[in-house]
Structures are given as structure tokens and as C-alpha cells.
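FYI, side chains are in, hydrogens and waters are out, and symmetry mates aren't considered; it's all heavy atoms of this structure.
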Amino acid sequence: MSTRTSFRLALATATAVSLTGGLLTLSVGAASAATPAKYADDFNGDGFRDYAVAGLGGDFTVTYGTATGTGTTTKTFTQSSAGIPGTAGDAGGYGDMFGLDVAAADLNRDGYADLAVADFTEKVSGKVSSGAVTILWGRKTGLTGTDATRLKVTARSDQGFGKEIETGDFNGDGKADLAIADAFSSVYVYRGGFAKSGTTGKVTKHTLDATFENTGMVAGKVTKDKATDLYVLGQGYHSDKMTQDAWFLRGGSTIKPGKVTVVNSSTPDYSPTGVVADFDKDGYGDLAVSDTRSNNKAGSVVVWRGGSTGPTTKYRLTQSTSGVATAAAAREYFGSDLSAGDTNGDGYPDLAVGVPYENVGSVEDAGGVHILRGGKSGLTGKNSQWFTRASAGVPGSPTQYENFGSLVRLRDIDRDGDKDLVVSNDYYGPSLLLPGTGSGITATGARELNVAPVFPQ
């Protein structure tokens, strides 16, 4: 899931926010007694997508979907909630990070989506910040702490197990799997099926080298086989310089670690965000990843085209790209949050790009969001859209330091078949929903939404 700008800036010097990217609506084969969950995040099995919103430390909140969008039924979970293992606030130097990253899938194939919840700061068996990942099981009444299961891993001080988590079918067998990164350079893949007893399929560990430090993870279909692939984003070290890197792991019956590619050769982004989507519709998934530190923090988005064995060539988009509405300037952090989806019905995924430190007129750091259109050549600035609080129809007015666009999501919230844009400046206040239409996002009918755009995509 996902990466969050407001937390990134507050905590960048201490640690990196985990990332949940990738366009996953994973349905897997059902057990004989149940129909598989239609959506990877339908926790109560009513046929509507739900919203698991990660927190900034110690909790997360689930809002249940309805036939017309987000509902009013919500529930917040902490480690003090009945049935959830561990002790709230029991953490080493970062504070309690239970719920900072979440990932959804029907892990036990009973027809209800389940939620994996990470806490890379959890003390386990006396080992400070060993880290833990807990599964909350879905059922007709929704998620509950009842029977919550903590995954088995050897406890080690400061390993940060659960720094990032992603769901996907990484071996292509039709069962949902779970990928978990630690705070260093390792990724653990737990294969399905999962059971409430704590058993899982085979677990494999994949490690790069000591110079690489995990800072994010993105799952999605890159090659044309059945398996989900994985990008591990991180801080590398090349030619005596700290770099921002992306490490590709190809899914399959045997997960094959691939090459490391450099996003930024001079200044790493300690909490990058990314998403996999087929922007040029060639059948291969492309990785769009933020590089907010480039060009004196003006920011950019780097796109790695997918190919038959993994990433191939790359290109870079900035606010200087032809057709993009605004000009690049220092410290705007273009790319702070990203989300992909087809916003105009042409079959090509588009990309929402947050620019939270963009000045709007004379208003400093008011912020905004670009919608970059996909097409035969991939993402471009042609026919792109730009929304701020000053855009016609958008409620409110530009406000100094609002940082509108810190968090963005594209999803069909109102279930009319068109992707909507959800925008916020933080985790706490209401979000703004800009409705989708057959020709693109519009401010007509814009309204507040009761969930922050930090739910799994």
C-alpha cells in the first residue's frame, strides 16, 4: 500500500514509510465450501470493496463499502483490540507502528478477504523491533480480532520484519501469497494457503546485499505469465554514493531475483512510492516510481517498461514534460504519491501524481494533482489534467501549507464504472472526491469523502 507524504516528511530521518502499490484485485480459487471473494478487499463478502486505511502508528481503520460507495460503518483496530496479539505501544525507538502498512487478499480462500497488518517495531520474544505481521480474518460480519494469526518468523533484534508487505500470486498457482520485507535487504515470500492455525505454504527468503536497504515494495504483473512480480525499492550504494534503487524479483514456481536498476544516482528518496500498470497496453506491466529528490527536489516520476523477463527501458516525467500544466521548480516534490487507473475509458491506465508543495498563484505550498494519460507510447503530458483548490468546481480555496495532493487514489468509489480521484493532504481530515466520467476526472459533483486515500489500491 502503500507511501504517505505527510508521514514521510515527518519521519524521513528515522525510518521509511512502507509502501503498498500495485494494482491488485486478486481473486483466488475457493475452497470447495465457499465462493472466492470477488475483491481482494471485500472483508464481509457482500460484493462491495471495503477500505482498510493505514494509520500513522498504533492503529488502522476499516470502512465498509456499499452499493453507492463508502458507507458509515467503520471500525478502528489497535493491539488493544480483542484477540489481536502483542501489546499496544510496546516498541523500540520508533513508537508503535502497528497498522502502518496493510495488505488485503482472500488468504484462506473462504470467500472473505483477509487483512495482513504489519508492525516493524514490534518486540517479539524480548527482541526489540524484531517486527511482526498479523492476519485478521474476514467473515460475514467483517474483520475482527477473533482468531487473529501472527506469522511465524525467527525473532531478531532490530530486523524490522514487516517494514513493507504486499499480497499477490507470486508463484502463479491461483493462491494468494504474502511478500514481507524487513528493514535491511531481505524479502520473505509466504505462499498460500494460509490457515487460522498459523500454517502457510512454503516460505522463501530473498536477500540482495548489505549495501541495499528496503524502503518500499510494489507488486504487479510485469511479464505475461500467471505469476505476480515484485519490485523492492530501496537505498543502494554505488561508486561511493547513496542511490535510490529498484530490485526486480520475477514471480513463478521459483522466484527469480533479477537486476537492480538505479532510479536516482545521487540522492535517494527514503520513502518512494510506486505502482505497476500497463500504461502502453503492450501486455507488460510498467513500474512508475517516484523520484521526488531529483532536480533540487522538484521531483519526477521514472517509468520502467515491462518486458518478457522483467524491466527493460525507462523514461522520466517531470513538470517540464511537454503538455504538463505547471512548470518544474525546486522543492515541489512532484510524485509524492502515485495511483494508476483508466480515467477516460480509452483502455490505457493513467497516473495520478501528487505535487503537495506546488505554489498555487501566490499561495505557498498549496499543492495539487496531475492526471497523466497513458497511451500507445506510454505516459505523456498530452491531454493531462491539473487540479488544485483554485480549479473551477473544486470546493475551498488554496491555503498556505495545505499540501493538497499529499495522498491520492484512483478508484471507482461510486461504482458507476468510472475511476474517481480521491485527494487529501493528510491521514486525518476528510478527503476530497473528484468524480470520474467517460472523458476524465471532473470537479463537477466534487464532495468530501470519509476515508483517507491510503487504502490498498
Side-chain angles (χ1 to χ4, degrees), residues 4-6 69 273 275 288 290 292 298-301 317-329 332-346 348-374 379-414 416 418-426 429-449 451-454 457:
R4 315 299 170 240
T5 300
S6 53
T273 180
V275 64
S290 65
T292 61
S300 65
V301 175
L317 298 152
T318 72
Q319 291 188 100
S320 297
T321 298
S322 177
V324 176
T326 56
E332 291 181 330
Y333 293 93
F334 175 86
S336 287
D337 203 13
L338 306 174
S339 185
D342 180 8
T343 64
N344 61 345
D346 64 358
Y348 292 93
D350 308 311
L351 188 71
V353 182
V355 197
Y357 290 85
E358 176 79 22
N359 293 344
V360 178
S362 61
V363 183
E364 185 179 3
D365 295 349
V369 184
H370 291 281
I371 305 293
L372 305 181
R373 295 282 173 79
L379 290 171
T380 70
K382 184 178 180 181
N383 297 321
S384 65
Q385 294 183 278
W386 170 239
F387 294 96
T388 73
R389 290 286 189 185
S391 300
V394 174
S397 300
T399 302
Q400 188 177 32
Y401 310 136
E402 180 183 4
N403 304 133
F404 183 73
S406 292
L407 305 170
V408 299
R409 279 291 181 274
L410 290 171
R411 183 190 279 196
D412 182 8
I413 302 293
D414 54 15
D416 65 353
D418 298 314
K419 289 289 191 298
D420 308 304
L421 174 64
V422 185
V423 189
S424 180
N425 62 320
D426 60 33
S431 303
L432 178 67
L433 184 146
L434 300 177
T437 70
S439 58
I441 302 297
T442 179
T444 302
R447 59 182 174 86
E448 286 189 348
L449 194 69
V451 296
V454 287
Q457 302 197 47

Donor-acceptor contacts under 3.5 Å from residues 390-398 side chains, at least two apart:
from, atom 1, to, atom 2, distance (Å)
S391, OG, T388, N, 2.9
S391, OG, T388, O, 3.4

| query | side chain to side chain donor-acceptor pair (under 3.5 Å) with T318: which residues, sequence neighbours excluded? | reply |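 Here no residue qualifies.
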| Residues which pass side chain to side chain donor-acceptor pair (under 3.5 Å) with D365, listed by chain and number, not counting sequence neighbours |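 In terms of side chain to side chain donor-acceptor pair (under 3.5 Å), with neighbours along the sequence ignored, D365 is linked to R331.
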| request: Mind listing the closest non-hydrogen atom pair of V422 and S431 along with its distance? | output: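 Heavy atoms only, the tightest pair is CG1-CB, 3.6 Å.
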Does [X] reach the main-chain N or O of [Y] with its side chain, forming a donor-acceptor pair under 3.5 Å?
X: D412; Y: K419; result: no
X: D350; Y: G374; result: yes
X: Q385; Y: I441; result: yes

| Trace of the side-chain contact (heavy atoms from CB on, under 4.5 Å) decision for D342 with N344 | CA-CA 6 Å; D342 180 8; N344 61 345; 3.1 Å; yes
| Does a donor on one side chain sit under 3.5 Å from an acceptor on the other, for N425 and S406? |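 Judged by distance alone, the side chains do not pair up.
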| said: Ring centroids only, cut at 6.0 angstrom: are F334 and H370 within range, meaning strictly under it? | reply: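 Yes - the distance between ring centres of F334 and H370 falls below the 6.0 Å cut-off.
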| Quick one: does E332's side chain get under 4.5 Å of Q319's, heavy atoms only? |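 When only atoms from C-beta onward are counted, Q319 and E332 do touch, with a gap below 4.5 Å.
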| said: The test is side-chain contact (heavy atoms from CB on, under 4.5 Å); show your working for K382 and L372 and say whether it passes. | reply: CA-CA 8 Å; K382 184 178 180 181; L372 305 181; over 6 Å; no
| task | For the pair R409 and D337, find out whether any cationic side-chain nitrogen is under 4.0 Å from an anionic carboxylate oxygen. | result |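 Judged by the 4.0 Å cut-off on N to carboxylate O distance, R409 and D337 do form a salt bridge.
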